[in-house]
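As the structure lists them, so they are numbered: ligands from 1, and atoms in each ligand from 1.
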Amino acid sequence: MKTVFVIGSGTMGRGIAQVAAQAKYEVYLSDIQLDIVKRNMDIVEAGLQRQIEKGKITKGEVGDILGRIQMVQNLENLEKADYVIEAVLEDVALKREIFKEADRKAKPEAILASNTTSCSITEIASAVAAPERVIGMHFFNPPVVMQLVELMPGILSSRRTVEKAKEFVVSLGKETVTTKKEGPAGVTSRILAGLLNEAIWVLQEGIASVEAIDRAMVLGCNHKMGPFALIDLIGVDIHFAKTQMLYKKTGDARYRPCYLLEQMMAAGLLGKKSGRGFYDYSKDPVVPTAFFDK
Ligand SMILES: NC(=O)c1ccc[n+]([C@@H]2O[C@H](COP(=O)([O-])OP(=O)(O)OC[C@H]3O[C@@H](n4cnc5c(N)ncnc54)[C@H](O)[C@@H]3O)[C@@H](O)[C@H]2O)c1
């Protein structure tokens, strides 16, 4: 039985842990405090409970999945892992610190993957002694539902690491796209960042409301979800960090973050995870946050 160690138990980490446990891996799910992991495991459990109610999974299967996930603090037991997947905040300095420590603890044949959306894998890998085993492994939100995992090698990632990462992702029942060379935010996140940013500019210019823009993109472009519902799901902070990075690295005005995003960050309107973003999730049905209704 192979072992997966997921660092960071938030939106993405808890989903990746569930996907791996469903694929019968032994999983360690870690965070800076055990309480945080517990809170996130409650969310995983509630999601699985809903699947039981819909008749999609049995109680016994859920018990097995949950039984394969162990909650740990920091990097406890990381030396047992074959695959280490980091999913902490989008902060390259933090990621470099974590990779440095993980590289020291992990067994030599383990691969070290980052779920980063926009940090450079080469920059993260340069913090470790064995950069050839580092790779970008970008799951999509929510990991349990989304089929694609984008693999993004850095310039020092070895062919073996890329192949091992591909085999691993396929064993999870997912599909991969592998970038040919490193570019800021890979394929999907870069294209999406431009589109989402344009929606915020259209809103800031007062051209249409949050709801109207979302409806337009769903009905007119056949998108499954409008740009604001999607930013709320991704996290306003994550989108903000991504556009800042893309703007800095490309100098292209299409990624320039709106002032509105800065205001939302300051006000704690981070999207679904904080209860309010472009929409207010405390209301049933969900409505645009009062600020945007003015
Ligand atoms: N949210 C998305 O839609 C999405 C999609 C794809 C990729 N990503 C990427 O995944 C990563 C995580 O994003 P998220 O949305 O899950 O963030 P999140 O804020 O929901 O979770 C981050 C978690 O990391 C934990 N953490 C912080 N410092 C830590 C440390 N030193 N050790 C262990 N845990 C630590 C936090 O306590 C938190 O639980 C980011 O790099 C992001 O860019 C996010």
Side-chain angles (χ1 to χ4, degrees), residues 5-19 28-44 71-78 81 84-102 105 112-121 123-124 127 134-152 169 174 177 184-193 195-196 224-225 227-246 265 268-275 277:
F5 194 102
V6 183
I7 309 172
S9 67
T11 311
M12 296 305 292
R14 65 173 184 252
I16 296 167
Q18 183 184 335
V19 169
Y28 289 98
L29 180 59
S30 90
D31 214 298
I32 37 176
Q33 287 164 15
L34 219 43
D35 272 0
I36 302 177
V37 191
K38 284 190 183 130
R39 220 183 309 133
N40 282 300
M41 278 305 292
D42 286 345
I43 297 172
V44 170
M71 296 183 263
V72 287
Q73 193 174 358
N74 297 323
L75 303 189
E76 183 194 345
N77 284 320
L78 185 125
V84 177
I85 305 171
E86 165 276 317
V88 305
L89 312 172
E90 191 70 337
D91 173 343
V92 74
L94 174 65
K95 288 182 193 287
R96 279 169 56 86
E97 267 314 301
I98 289 173
F99 269 75
K100 202 184 215 172
E101 217 185 317
K105 277 197 96 174
L112 310 179
S114 174
N115 188 51
T116 182
T117 308
S118 54
C119 297
S120 157
I121 296 303
E123 193 177 346
I124 295 174
V134 177
I135 188 164
M137 188 180 282
H138 185 234
F139 288 80
F140 291 80
N141 188 7
V144 177
V145 176
M146 301 301 281
Q147 256 325 97
L148 181 68
V149 177
E150 193 173 324
L151 293 177
M152 297 186 278
V169 172
K174 304 279 185 200
V177 164
V187 176
T188 29
S189 287
R190 177 165 169 180
I191 295 170
L192 188 62
L195 185 137
L196 297 181
K224 274 200 178 150
M225 137 190 279
F228 297 113
L230 185 53
I231 299 173
D232 276 357
L233 181 69
I234 291 170
V236 170
D237 52 336
I238 299 277
H239 175 72
F240 184 57
K242 198 184 340 179
T243 48
Q244 271 184 317
M245 182 286 293
L246 278 165
M265 293 283 292
L269 301 176
L270 302 185
K272 238 177 167 175
K273 64 182 164 190
S274 69

Donor-acceptor list for residues 138-149 side chains, cut-off 3.5 Å, not counting sequence neighbours:
from, atom 1, to, atom 2, distance (Å)
N141, ND2, L233, O, 3.0
Q147, NE2, G173, O, 3.2

Atom indices of ligand 1, in the order listed, that fall short of 4.0 Å to a heavy atom of K273 | 19 (O)
What protein heavy atom sits nearest atom 41 (O) of ligand 1, and how far away is it?
-> E90 OE1, 2.5 Å
Has ligand 1 got any nitrogen or oxygen that is less than 3.5 angstrom from a nitrogen or oxygen of I234?
-> yes
Calculate, to the nearest 0.5 Å, the distance between atoms OG1 and CE belonging to T117 and M245 respectively.
-> 8.5 Å
So the atoms of ligand 1 within less than 4.0 Å of a heavy atom of G10 turn out to be 16 (O), 20 (O), 21 (O), 23 (C), 39 (O)
For atom 24 (O) of ligand 1, closest protein heavy-atom neighbour | V88 CA, 3.5 Å
Taking all non-hydrogen atoms of both residues into account, name the closest pair between L196 and H239 and its distance.
-> CB-CE1, 3.6 Å
CZ of F99 to CD1 of I124, rounded to nearest 0.5 Å, is 5.5 Å
Under 4.0 Å from one or more heavy atoms of I7, ligand 1 contributes atoms 33 (C)
Quick one: does N141 get an N or O within less than 3.5 Å of an N or O on ligand 1?
-> yes
N74 contact mode with ligand 1 (heavy-atom cut-off under 4.0 Å) = neither
For atom 27 (C) of ligand 1, the option (of L89, V37, D91, L270) bearing the nearest heavy atom = L89
Return yes or no for this condition: an N or O of T11 is under 3.5 Å from an N or O of ligand 1.
-> yes
N or O pair under 3.5 Å between K95 and ligand 1 = yes
Salt bridge (Lys or Arg N to Asp or Glu O under 4.0 Å) between K242 and E90: does it pass, once the steps are laid out?
-> CA-CA 8 Å; K242 198 184 340 179; E90 191 70 337; over 6 Å; no
Given Q73 and I32, is the side chain to side chain contact (heavy atoms under 4.5 Å, CB included) satisfied, shown in steps?
-> CA-CA 6 Å; Q73 193 174 358; I32 37 176; over 6 Å; no
Relative to the heavy atoms of T116, which atoms of ligand 1 are at a distance of less than 4.0 Å?
-> 41 (O)
Distance, nearest 0.5 Å, that separates CD1 of I238 from CG of L89 = 7.0 Å
State the CD1-NZ distance between I43 and K38, to the nearest 0.5 angstrom.
-> 15.0 Å
Hey, is ligand 1 close enough to F139 that some N/O pair sits below 3.5 Å?
-> no
Can you find an N/O atom of N40 closer than 3.5 Å to an N/O atom of ligand 1?
-> no
Any donor-acceptor N/O pair, K105 side chain to L75 backbone, under 3.5 Å | yes
Counting heavy atoms only, which of L75, L94, T117 is nearest atom 42 (C) of ligand 1?
-> T117
Near I36 (heavy-atom distance under 4.0 Å), the atoms of ligand 1 are 37 (O), 39 (O)
Could you please spell out the steps behind the side chain to side chain contact (heavy atoms under 4.5 Å, CB included) verdict for L78 and V84?
-> CA-CA 8 Å; L78 185 125; V84 177; 3.9 Å; yes
Please say whether H138 places an N or O atom under 3.5 Å from an N or O atom belonging to ligand 1.
-> no
Backbone or side chain, does any N or O of D31 fall under 3.5 Å from an N or O of ligand 1?
-> yes
Nearest neighbour in protein (non-hydrogen) for atom 10 (O) of ligand 1 | N115 ND2, 2.9 Å
Is Q33 touching ligand 1 with its side chain, its backbone, both, or neither, if touching means heavy atoms under 4.0 Å apart?
-> neither
among protein heavy atoms, the one nearest atom 31 (N) of ligand 1 is I98 CD1, 3.5 Å
Checking D232, D237, V236 against K273 for side-chain contact (heavy atoms from CB on, under 4.5 Å), the one that qualifies is D237
From D31 atom CG to M41 atom CE, the distance as rounded to the nearest 0.5 Å | 13.0 Å
Sub-4.0 Å heavy-atom approach of G235 to ligand 1 | no
Spacing of CD1 belonging to I36 relative to OG belonging to S9, to within rounding of 0.5 Å = 6.5 Å
Could you walk me through whether V72 and V37 pass the side chain to side chain contact (heavy atoms under 4.5 Å, CB included) check?
-> CA-CA 8 Å; V72 287; V37 191; over 6 Å; no
Is the shortest heavy-atom distance from the side chain of E86 to the side chain of N115 under 4.5 Å?
-> no
What residue and atom, counting heavy atoms only, is the protein's closest point to atom 30 (C) of ligand 1, and at what distance?
-> I32 CG2, 3.5 Å
Within the structure, does M12 bring an N/O atom to less than 3.5 angstrom of an N/O atom in ligand 1?
-> yes
Which of the atoms of ligand 1 are close to I238, meaning less than 4.0 Å from one of its heavy atoms?
-> 13 (O), 15 (O), 42 (C), 43 (O)
